[in-house]
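So you know, we letter chains A, B, ... as the sequences are listed, proteins then strands, and number each from 1. What you see below is based on every heavy atom in this structure, not just the backbone, and it leaves out hydrogens, waters and symmetry mates.
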Amino acid sequence: MAEYEPQRIEAKWQRVWEEKGVFRAIDGDSGRPKYYVLEMLPYPSGTLHMGHMRNYTIGDAVARYKRMCGYNVLHPMGWDAFGLPAENAAIKAGIHPREWTNTNIREFRRVLRRFGFSYDWQREISTCEPEYYRWNQWFFLRMLEMGIAFRKKSKVNWCPECATVLANEQVIDGFCWRHETTRVEMKELEQWFLRITQYSDELLADMAQLRNGWPERVLLMQENWIGKSRGARVNFSVDGTRLGIEVFTTRIDTIYGASALVIAAGHAKMNDLLEGVRGRAAMDAQIKSMLQRSTKAADIATAEKEGFFTGCFAVNPFSGEKVPVWVGNFVLAEYGTGAVMCVPAHDQRDYEFAKKYDLAIKVVVQPVAGQPLRAERMNQAYTDYGNLVDSGRYSQLSSEQAIEKMAADAESAGFGHAETTYRLKDWGVSRQRYWGTPIPVVHCAKDGIVPVPDEQLPVRLPENVSITGLGQSPLASVPAWLNTTCPKCGGPARRETDTMDTFVDSSWYFYRYTDPHNSSAAFDKGKVAYWFQIDQYVGGITHAILHLLYSRFFCKVMRDLKLVGHDEPIARLFTQGMVQKGGVAMSKSRGNVVGAIDMADKYGCDTGRLYTLFAAPPEKDLEWSEQGIEGSARFLNRVFRLVDKYGARLKNVSLEVGGSSDGSPTVKEKLLVRRLHQTLKRVTEDFDTRWHFNTSIALIMELVNELMAQEPLDRDISPAALKGVFEGLVLMLSPMAPHIAEELWAMLGNSDGIYTQKWPRYSAELAREEQIEIPVQINGKVRARIMVEAGLSEDKLKQQAMNDPHLASLVAGKQIVKVVVVPNKLVNIVVR
RNA sequence: GCGGAAGUGGCGGAAUUGGCAGACGCGCCAGCCUUAGGAGCUGGUGGCCGAAAGGCCGUAGGGGUUCGAGUCCCUUCUUCCGCACCA
């Protein structure tokens, strides 16, 4: 009797798969449909734990299933290898970032291989290699030509801990995304940006293409992030000066109700406005304290509204009314125009501000129905649309009509116009760090900023750099690298010392997998055309806005460069839940990780895979349970023992998979074959539509339970029938627990591996039950069950139910009002 | 505050189209086997009443539609996630 030894079996089959190259994707194979399934590439740092493994296991199960269904599957893996931790390690331990990174990559590769994921390893990429980042530089130069990459002096988010600039997307509630306790500061710097805002509308509109394949909430988060808002700009002139202050409003229809103009503390015209105003010094002090306080978003939102009157008045261009100009802490300098009109009756924030500082509350929009509003009776703002009152010649228009007409009138009168604003800002990509892609431009005293010519790419990172984490970009301290000649005039020039945000690397990496070794282009257009779009992307929800938005943006740039023919790179996205322990996501810093290798050593990777798929549906968070994984281990052991017990007897039996034996099948044969096909049907459906692997596994467990219940399996069942059932079982298990499946397949006498096998087709005929149990209800409560022939007509089913003696006695003496019959499902007798 | 997702036994979860609530697994209980078990096998396991047959209750709370509701509608509550003074 053999014993299930997962480690031995797993190593053995991994070797076979490797030797036969069974996971290789074939470029341009026209005989089979293509399927590109991808898991988000990991950042090689720390240890791989079961949270990572869950992600890869889901992708792998799908890849293997699709391969069995006859697809030419592209399932690659690579490394997001540039980034800060490598540099920090260099500072701390004196290891070169490249060495640190490559050591981690080796470890990650070892773990992923240990789990037997069906990657085409020949396509492996690592973003820190010049062969890869060279194309980051190439794309950057194209974007420079297109005007999408540009330089501007701007206030940037600066993390003192990272000693570098952060993108808006990397600032979380005013703190660094890597350092939860480090407050992000604002600094004025010359920076490189990518003009993602040029695609704002398209990024929004093309979500229509993603509606069917992406989770609703990811699209929603992106939509909110882009934050499109239609409204109008209106210029208020400051009384007694030549100064104008523009406001942005989505509710121009309420402008007659404006009782103040409120500007942000950081408003660009603050200095001009306060010029010569009395009490200036006190105001400056207040402004300063307001500017310092803008920190954590959640605090800001709940903070008490504060402000002060500037002593200036502005003229409402519609009404000619003079309104006081205030500075308010609730107005954002970065959004819209940094100034708002304060309409207390129709905006809740304005209402609170007005209440505190005793500003006039003037109702100018009345609800269409119900009691008319009266300012003195209001205890909150009325923010819905309605009909205008006390609004000059616009009175009686509806809000909708007024919004359109007033914007048009403002435009023809020259003091405003309709405008759309976005929350999305251009993507700052400059980083004052070493371990990233050098930005391929030089600074020449004569010619200014000059792009490095394509043929001089890649601009390689110098290897001998002292990294201190202090001060300027580390690249500035390598004179041999820094000093170069200007490609234009040949004179002395200095290289750009900023490197690119690593999100640039991951914005297009999945294209490189289609052509990973191309040294003359980022990729061959034909290969991308063959493999794209990505049919299925699998990853965590954490990247809902950063990576997934940047990737969409890059795709559109590539399309405009005529490199790709599609608008969106990813047809379907699946966001799997996190693996938690103690109610929180596994992470090294929390110290609650369950190591992947530990699991493989203790139970075998098949058990680890099976458990992560079984414990919860893949989109849900999963709480790791040591007892749970024991259960999965027990199950695989049971299957192994069962096949082992009868395998020898079945080895030399030949058959059609899942077929029945000749002649008249026994009751046991019919039952087991039927169960197999019923299971097959539902497991196939789970793979094709829902990805609820937990129910698939439950069904397979039920099949195994039935087999055990029917023991002994060498009596009343032909070897061929039994072998057919066993083989079907093993094939179904193979995408989820591939190693043990191969072993069992071999134990059943097959010399060709499962990797040569097609996914079994179920037969509706064989799956059909002959006799089924029908619950019979009386007034909706189950009172009896009757066994009837399957597929019985409505009339006959009703008749059989009514003829049942037990039911007849229950119904006796009552009036039958109605009988509801659902063929093959149930009967409900309604009595009075 | 806005937006979204969710709420089912002791636990993870199942119920795919409105049709037997609790599949499957964990845990627990009892038994068998064993020198031994963190192994294996068999049976039981939502609550209440009952010796049993059986009955009643039960999917966060309340209401509704329906022959029939975990599923649909209204409403309240709770939890989690995202955004957050976005004008």
| Base-pairing mate for B:A36 - Watson-Crick or G-U, with both contacts under 3.5 Å | none
| Does the side chain of A:Y762 come under 3.5 Å of the side chain of A:Q678 through a donor N or O and an acceptor N or O? | no
| field | Between A:N316 and A:Y256, a side-chain donor and acceptor under 3.5 Å | value | no
| Base, sugar-phosphate alone, or nothing: which one does A:V262 contact when heavy atoms must sit under 4.0 Å apart? | nothing
| Between A:R690 and B:A14, is there a side-chain N or O to OP1/OP2 distance below 4.0 Å? | no
| Between A:D350 and A:M341, what is the shortest heavy-atom contact and its length? | OD2-O, 3.4 Å
| task | Taking all heavy atoms of A:S200 and all of A:L424, pick out the closest pair and write down the distance. | result | OG-CD2, 3.7 Å
| said: What is the separation between atom CZ on A:R251 and atom P on B:A87, rounded to the nearest whole Å? | reply: 11 Å
| message | For a quick check of understanding: with a heavy-atom distance under 4.0 Å over all strands, which category does A:M708 fall into, base, sugar-phosphate or nothing? | response | sugar-phosphate
| Which nucleotide sits closest to the side chain of A:R783: B:C83, B:C86, B:C56? | B:C56
| query | Within this structure, what is the NZ-to-P distance between A:K228 and B:C2, rounded to whole angstrom? | reply | 24 Å
| remark: Looking only at B:A15, B:G4, B:G82, the nucleotide nearest the A:T695 side chain is B:A15
| request: Using atom NE2 of A:H543 as one end and atom C1' of B:G82 as the other, report the distance to the nearest whole Å. | output: 16 Å
| Counterpart base for B:A52, defined by Watson-Crick or G-U wobble contacts under 3.5 Å | none
| query | So does A:E711 pair up with A:K645, basic N to acidic O under 4.0 Å? | reply | yes
| request: Could you give the distance separating B:G18 and B:G64 at their C1' atoms, to the nearest angstrom? | output: 15 Å
Got a list of side-chain donor-acceptor pairs under 3.5 Å for residues 782-800 of chain A, not counting sequence neighbours?
residue: A:S793; atom: OG; partner: A:K796; partner atom: N; Å: 3.3

| query | Taking any strand in view, what nucleotide pairs with B:C2 in a Watson-Crick or G-U wobble way, both distances under 3.5 Å? | reply | B:G82
| Given RNA chain B, 5'-ward residue of the pair A:A339 and A:D686, judged by closest heavy atom | A:D686
| said: Measure CG/A:D347 against P/B:C2 and give the value in whole Å, please. | reply: 14 Å
| A:K581 versus A:N592, closest heavy-atom pair with distance | O-ND2, 3.1 Å
| query | Between B:G3, B:G38, B:A87, which one does the side chain of A:Y335 approach most closely? | reply | B:A87
| remark: In short, A:L807 meets A:A801 closest at the heavy-atom pair CD1-O, 3.5 Å
| request: Identify, between A:Y422 and A:N224, the residue whose nearest nucleotide on RNA chain B lies closer to the 5' end. | output: A:N224
| task | If B:U59 has a Watson-Crick or G-U wobble mate with both distances under 3.5 Å, name it; if not, just say none. | result | none
| query | What's the closest nucleotide to the A:A698 side chain, out of B:U16, B:A87, B:C24? | reply | B:C24
| message | Between A:F693 and A:F687 (judged by ring centroids, cut-off 6.0 Å), do the two rings come close enough to count as a pair? | response | yes
| remark: A:L219 CG to B:A5 P, in whole Å, measures 13 Å
| How many Å lie between CZ on A:R217 and P on B:C81, as a whole number? | 11 Å
| request: Specify the closest pair of heavy atoms between A:M406 and A:F318, including all atoms of both residues, with the distance to one decimal. | output: O-CZ, 3.4 Å
| request: Could you work out the separation of B:G10 and B:C81 based on their P atoms and round it to a whole Å? | output: 25 Å
| field | Identity of whatever pairs with B:G31 - Watson-Crick or G-U, under 3.5 angstrom | value | B:C41
| message | Partner lookup for B:C20, please. Criteria are Watson-Crick or G-U wobble with both distances under 3.5 angstrom; report none if nothing qualifies. | response | none
| Short side-chain N/O contact from A:N694 to OP1 or OP2 of B:A14, under 4.0 Å | yes
| field | Base-pairing assignment for B:G68 (Watson-Crick or G-U wobble, both under 3.5 Å) | value | none
| Quantified in whole Å, what is the C1' atom distance between nucleotide B:C85 and nucleotide B:C2? | 12 Å
| request: Take atom C1' in B:G12 and the same atom in B:C73, then report the distance between them in whole Å. | output: 31 Å
| remark: To the nearest angstrom, the CZ-C1' distance between A:R423 and B:G3 comes to 13 Å
| query | Would you call A:E702 and A:R682 a salt bridge, taking side-chain N to carboxylate O under 4.0 Å as the test? | reply | no
| field | Atom-pair distance (NZ on A:K781; C1' on B:A69), nearest Å | value | 13 Å
| For B:G61, is chi within 90° of 0 (syn) or not (anti)? | anti
| message | For B:C26, give the paired nucleotide (Watson-Crick: N1-N3 plus N6-O4 or O6-N4; G-U: N1-O2 and O6-N3; both under 3.5 Å), or none. | response | B:G10
| query | Which residues within residues 815-832 of chain A lie with some heavy atom under 4.0 Å of an atom in RNA chain B? | reply | A:K818, A:V820, A:V822, A:K825, A:L826, A:N828, A:V830
| request: Using the C1' atom as the reference point in each nucleotide, state the distance between B:U45 and B:A36 in Å, no decimals. | output: 28 Å
| said: If you compare every side-chain N and O of A:T250 against the phosphate oxygens of B:C86 (OP1, OP2), does one of them come in below 4.0 Å? | reply: no
| Is there a side-chain polar atom (N or O) of A:R349 under 4.0 Å from OP1 or OP2 of B:C86? | yes
| Pairwise P distance, B:G43 and B:C26 [rounded to whole Å] | 14 Å
Produce the list of close N/O pairs, under 3.5 Å, pairing protein atoms with atoms of nucleotides 25-34 of chain B; give distances to one decimal.
residue: B:G25; atom: OP1; partner: A:N705; partner atom: ND2; Å: 3.2
residue: B:C26; atom: OP1; partner: A:R634; partner atom: NE; Å: 3.1
residue: B:C26; atom: OP1; partner: A:R634; partner atom: NH2; Å: 2.7
residue: B:G27; atom: OP2; partner: A:R634; partner atom: NH2; Å: 3.2

| Aromatic plane relationship, A:F248 with A:Y335 - under 30° parallel, 30 to 60° tilted, over 60° perpendicular | perpendicular
| Salt bridge flag under 4.0 Å for residues A:R690 and A:E685 | no
| said: By the 4.0 Å heavy-atom rule, please label A:Q777 as base, sugar-phosphate, or nothing. | reply: base
| Exercise: identify the closest heavy-atom pair between A:L622 and A:A615 | CD1-CB, 3.8 Å
| task | Could you measure between the two P atoms, the one in B:A84 and the one in B:A23, and give it in whole Å? | result | 44 Å
| query | A:A615 side chain: which of B:A87, B:G12, B:U16 is closest? | reply | B:G12
| Closest listed nucleotide, where the reference is the side chain of A:P775 and the choices are B:A23, B:C20, B:A14 | B:C20
| query | A:K305 side chain: which of B:C85, B:A14, B:U16 is closest? | reply | B:C85
| field | C1' gap between B:A87 and B:U79, integer Å | value | 32 Å
| task | For A:E623, report the nucleic acid contact type (base, sugar-phosphate, nothing); a contact means any heavy atom under 4.0 Å. | result | nothing
